[in-house]
Amino acid sequence: MASPRGRCRSEMIVVSGCLLVLVLRFRPVLARVCNDNAGHNLENAWYSRDGQALPIMVLMPMNESALRSSISQGIDRAVQLAIQHIRESRLYSFSLIPKIYDTECDNAKGLRAFFDAICFGPKHLMIFGGVCPSVTSIIAESLEGWNLVQLSFAATTPVLADKKKTVVKFLNHFNWTRVGTLTQDVQRFSEVRNDLTNELEKADIQIADTQSFSNDPCVNVKNLKDNDVRIIIGQFDENLASKVFCCAYNLNMFGSKYQWIIPGWYQENWWDKANTTNCTARKLLTAMEGYISVDFEPLSTRQIKGISGRTPQEYEREYNRQRMKKGVESSKFHGFAYDGIWVIARTLTRVMEVLRQRERHSIYRNFTVDDREVGRLVLDVMNETNFLGVTGQVMFRNGERMGTIKFTQFQEGQEVKVGEYNAIADVLELINNTIRFQGIDPPKDRTFVRLQRRQISVPLYSILSVITILGMIMASAFLFFNIQNRNHRLIKMSSPYMNNLIILGGMLSYASIFLFGLDGSFVSDKEFETLCTVRTWILTVGYTTAFGAMFAKTWRVHAIFKNVKMKKKIIKDQKLLIIVGGMLLIDLCILICWQIVDPLKRTVEEYSLEADPQGRDMAIRPFLEHCENMHMTIWLGIVYAYKGLLMLFGCFLAWETRNVSIPALNDSKYIGMSVYNVGIMCIIGAAVSFLTRDQPNVQFCIVALVIIFCSTITLCLVFVPKLITMRTNPDAATQNRRFQFTQNQKKEDSKTSTSVASVNQASTSRLDSLQANNHRLRMRITELDKELEEVTMQLQDTPEKTPYISQNQYQEANSILSVRNFTDSKEEEQSMLKNHHDHKWGSVDPSRTNRGPLEDINSPEHIQRRLSLQLPILHHAYLPSIGGVDASCSSPPLSPSASPQHRRAPLSYGVMVSGL
């Protein structure tokens, strides 16, 4: 429920508003009636005779119970002193008679006093006052009908006093280009705000927010804070000023980050007299510390005698004596009131001179002038006023006082003058070292936001780069080992070309780490977009190359050893390269479509503001660069699906070939371990990387460690066992220690399983005897090889014995190659050896034996014959050492010392491994 005082005040405002509407509507009629009633009090020829008493209407609240009555009492002493000094100067031919009318600082009562003075008082030439801005503003709007000019000494409306240029000048001095306004919802303050807004827009000063309030300003103050308004221009009276600063204290809108600019016409110690808030005086003083107030300079600081023949200091001493005699308080407007009376005196003197001059030059005998012309003449003469008063230079421009405006700052409980603005010279002067801001520098007009890139830490990048380089060195060492030993039986059986591809894929994966660590702090925006594409391609191709080669090797083992019919199957490395190339081709198709349809681009993600860690008056807005596109989820889903299927296929092959126990051939065990580790690490790494996408250091660390771990584990599982085996027992890697097959069809009928088992049992005894014969024959071949070397040496020394020796050697070698095989297919295999012998050696031409030894021994035919004799025997002697398989073998041995070339499956199965 509103207080009685508030209701009364609201009702008075409504009454005064209605009364003002009526006055404006019927102003011409009222003016004519009142002028007719008041016309007899002052003759129209008042300007023609000297010694006239010219009445001046003075509007002030004189009732002691009225608001600002104490100000009026202090002003009355200044008015009387000015009239006294004018009379003593003897420079004016008239005397001013002030007629004081009590407005009680109320709009309705002020209007009533004004109309009483117009209708029932003497004919006033000018109006002086009033003290209350609201009353002054209402009266000023209704003066045109009475052709009167009002001179206010305490006006704050833009019609009567213009300080907007001063505020703009002050803002420009500190480079404040963004402000906000907080205005009391009263007409006179709204007019100030609107007029100030126009000036600010002309000066290219941004008005970030405009807030108006009636009673409680806290919501509006909070809105200013939410809109990041740091320079606040307030337009409100001292009664609400305490509420404003109480809200500012509660919202922490004070100190080094904020600057308040408020009117300077408040009473002294207004914060004590007008504090109606729940904030203590200490809180108010804390929030008020540093505010800037703008007002006219009450007295000039220059010790120069003015129009009255007195300096401002001399006048002030005399004024204080006069008011102390009456026992009234000093008013801050007394200097303006004193100069205002001098302005009226000089204006009327000049108007009288002009009218007298017109009268002398008039062709009419009875020269008269109407009130409208007198009012216009008074206004024109006032705009030409220019003299030095106690408040400084007194000038008017467009009805506005062009005086000196001072700036005061609230410092430690009192207002201190920090500068002044000379409106005439348009110069702003700040007193050195007087203005004190709460911070080191003046407050900023906004929260300056400094964009800060969330970049990868250089030490972290360096550490991971060193680890990556070590991994690449390890991969290079494996590559060197693989190339150097490519002809070794162990490496040759493990497909060295595929091993090279595995190493190449690992090195590409390692290289992608360097690219993932580069961001906008190292490269430009355009280069960053290129990096987005390049690192995606490198990592994708590297993954497919490494695991594609690994899975292709496993597929070959699976195709050979899981062949149910066990036909002779030759799968060369060229076919494996085609398989890997097909996988890479699928990758390239996906990547090319991705690049053409929806390429990766640099996107910037900005985060919420953060306080400056060094405590500076600025905010940090972190931002992070990403590589993204419109349909990122779809493309990643395609890539992940393809890679997942590839990994599942590898797991299937590794499981199917898990019991093939030829280490040089079968990497299924290590492939399974590698796929397991890589799969788990990729799933964990992708999830954690997605969750930490706003933390680049954590994300890069996880991605880099996952790539390093996966690549290193894969390379080590593939090559370290081979390296250890070559150092310890190279032959064991090529032997089948446990020749067992796991059939795909585990649910076959019992009859088939029993049949296979019986065949294996029957073959075991025969394999033992065949193994012994095989060993004996290999020893015999070695002995014959040595004899062949001796015979070759003898051929070089005794060419005449060549036909005989060659013939004997031929027969002996033929007997070796015709060794019988103890199997059921003996006759067929003998025919195969015979055909092979006939093809390699050819038949002996009888005609060649008739030639002389010296004639034929060095002929091309003899040389070719010696080579054809030597090479087949060497071929059969060293066949086991290079991984060959005798075409006549039908069952591999079970002895660990047997060569893999002579290992035999059950009788119904024939296996030939070639091209490894």
Side-chain angles (χ1 to χ4, degrees), residues 156-158 163-264 277 279 287-294 410 437-439 441-450 606 608-612 617-621:
T156 57
T157 62
K163 304 174 193 173
K164 52 187 178 292
K165 294 183 179 179
T166 306
V167 176
V168 172
K169 202 78 173 181
F170 186 78
L171 295 175
N172 289 333
H173 179 80
F174 291 102
N175 297 321
W176 290 331
T177 59
R178 185 176 184 270
V179 299
T181 60
L182 181 64
T183 308
Q184 183 179 348
D185 195 9
V186 178
Q187 182 180 1
R188 57 191 177 95
F189 292 122
S190 300
E191 292 175 353
V192 174
R193 179 196 61 198
N194 296 335
D195 199 60
L196 179 62
T197 299
N198 296 331
E199 290 296 325
L200 292 176
E201 291 177 352
K202 292 178 182 178
D204 294 330
I205 297 178
Q206 178 188 359
I207 301 178
D209 193 11
T210 299
Q211 294 290 326
S212 299
F213 66 95
S214 298
N215 188 25
D216 186 8
C218 290
V219 176
N220 307 93
V221 174
K222 187 178 185 301
N223 291 337
L224 292 174
K225 182 178 182 179
D226 294 339
N227 290 325
D228 191 33
V229 176
R230 310 286 289 276
I231 311 301
I232 306 169
I233 301 176
Q235 293 291 335
F236 36 77
D237 57 33
E238 60 264 36
N239 294 320
L240 292 177
S242 58
K243 293 184 178 181
V244 170
F245 283 106
C246 183
C247 297
Y249 180 85
N250 295 329
L251 294 172
N252 199 27
M253 291 183 64
F254 62 92
S256 60
K257 295 183 178 180
Y258 294 91
Q259 182 60 60
W260 290 84
I261 302 175
I262 63 175
T277 66
C279 291
M288 291 162 50
E289 185 68 24
Y291 77 70
I292 301 293
S293 61
V294 183
F410 189 78
F437 295 104
Q438 302 300 302
D441 298 323
K444 304 296 188 300
D445 59 359
R446 69 198 72 191
T447 299
F448 283 94
V449 178
R450 183 168 65 90
E606 294 185 352
S608 57
L609 294 176
E610 298 177 358
D612 182 61
D617 186 17
M618 65 173 59
I620 305 298
R621 184 179 295 280

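None of the values given here were measured: they were computed from a predicted structure.
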Criterion ring pair (Phe, Tyr, Trp, His ring centres under 6.0 Å) on Tyr249 and Phe254, from CA distance to verdict: CA-CA 7 Å; Tyr249 180 85; Phe254 62 92; 5.5 Å; yes
Does Asn252 form a side chain to side chain contact (heavy atoms under 4.5 Å, CB included) with Lys257? I'd like the steps, not just the answer. CA-CA 10 Å; Asn252 199 27; Lys257 295 183 178 180; over 6 Å; no
In sequence, state the C-alpha distance, the side-chain angles, and the governing distance for Ile262 and Val244, and then conclude on side chain to side chain contact (heavy atoms under 4.5 Å, CB included). CA-CA 11 Å; Ile262 63 175; Val244 170; over 6 Å; no
Please test Val168 against Lys202 for side chain to side chain contact (heavy atoms under 4.5 Å, CB included), starting from the C-alpha separation and ending with a verdict. CA-CA 10 Å; Val168 172; Lys202 292 178 182 178; over 6 Å; no
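The 12-atom threshold is not exceeded at NZ of Lys222, counting heavy atoms of other residues, nucleotides or ligands nearer than 6.0 Å.
Note: Leu224 CG to Leu251 CG = 10.0 Å, rounded to the nearest 0.5 Å. Taken from CZ in Phe170 to CD1 in Ile233, the straight-line distance is 10.5 Å, to the nearest 0.5 Å. Distance check, rounded to the nearest 0.5 Å: CG of Asn239 to CG of Asn215 gives 11.0 Å. To the nearest 0.5 Å, atoms CZ (Arg230) and OG1 (Thr447) are separated by 4.0 Å. Here the CD atom belonging to Glu201 is positioned 10.0 Å from the CG atom belonging to Leu196, to the nearest 0.5 angstrom. Atoms CD and CG, on Gln211 and Asp185 in that order, are 11.5 Å from each other to the nearest 0.5 Å.
Between Phe437 and Phe174, the two ring planes are perpendicular [angle over 60°; tilted spans 30° to 60°]. Classified by interplanar angle (parallel below 30°, tilted 30° to 60°, perpendicular above 60°), the ring pair Tyr291/Phe410 is parallel.
Between the side chain of Asp237 and the main chain of Leu240, a donor-acceptor pair closer than 3.5 Å is present. Between the side chain of Gln259 and the main chain of Gly290, a donor-acceptor pair closer than 3.5 Å is present. Put simply, the side chain of Trp260 never gets that close to the backbone of Ala287: no donor and acceptor are under 3.5 Å apart.
In this model, a donor atom of one side chain and an acceptor atom of the other lie less than 3.5 Å apart for Asp445 and Thr177.
Side-chain contact between Arg178 and Asp228 is present, with heavy atoms from C-beta onward closer than 4.5 Å. Val221 is not listed as a side-chain neighbour of Phe213, based on a closest heavy-atom distance of 4.5 Å or more. By the 4.5 Å heavy-atom criterion applied to side chains, Ile261 and Leu171 are counted as neighbours. Taking 4.5 Å as the limit, every side-chain heavy atom of Trp176 sits out of range of all side-chain heavy atoms of Ile205. At a threshold of 4.5 Å between non-hydrogen side-chain atoms, the residues Glu199 and Val167 do not count as touching.
Asp216 approaches Asn220 most closely through the heavy-atom pair O-OD1, 3.7 Å. Nearest heavy atom pair, residue Gln184 against residue Phe236, reads OE1-CA, 3.5 Å. In terms of heavy-atom proximity, Gly264 sits nearest to Ser293 at CA-CB, 3.7 Å. Residues Ser190 and Thr183 come closest through the heavy atom pair N-CG2, 4.0 Å. Annotation for Ser256 and Gly439: closest pair CB-N, 3.5 Å, computed over non-hydrogen atoms. Looking at every heavy atom in both residues, Ala208 comes nearest to Val229 through CB-CG2, 4.0 Å.
The stretch residues 170-222 participates, sequence neighbours left out, in these disulfide bond (SG atoms under 2.5 Å apart) pairs: Cys218-Cys247.
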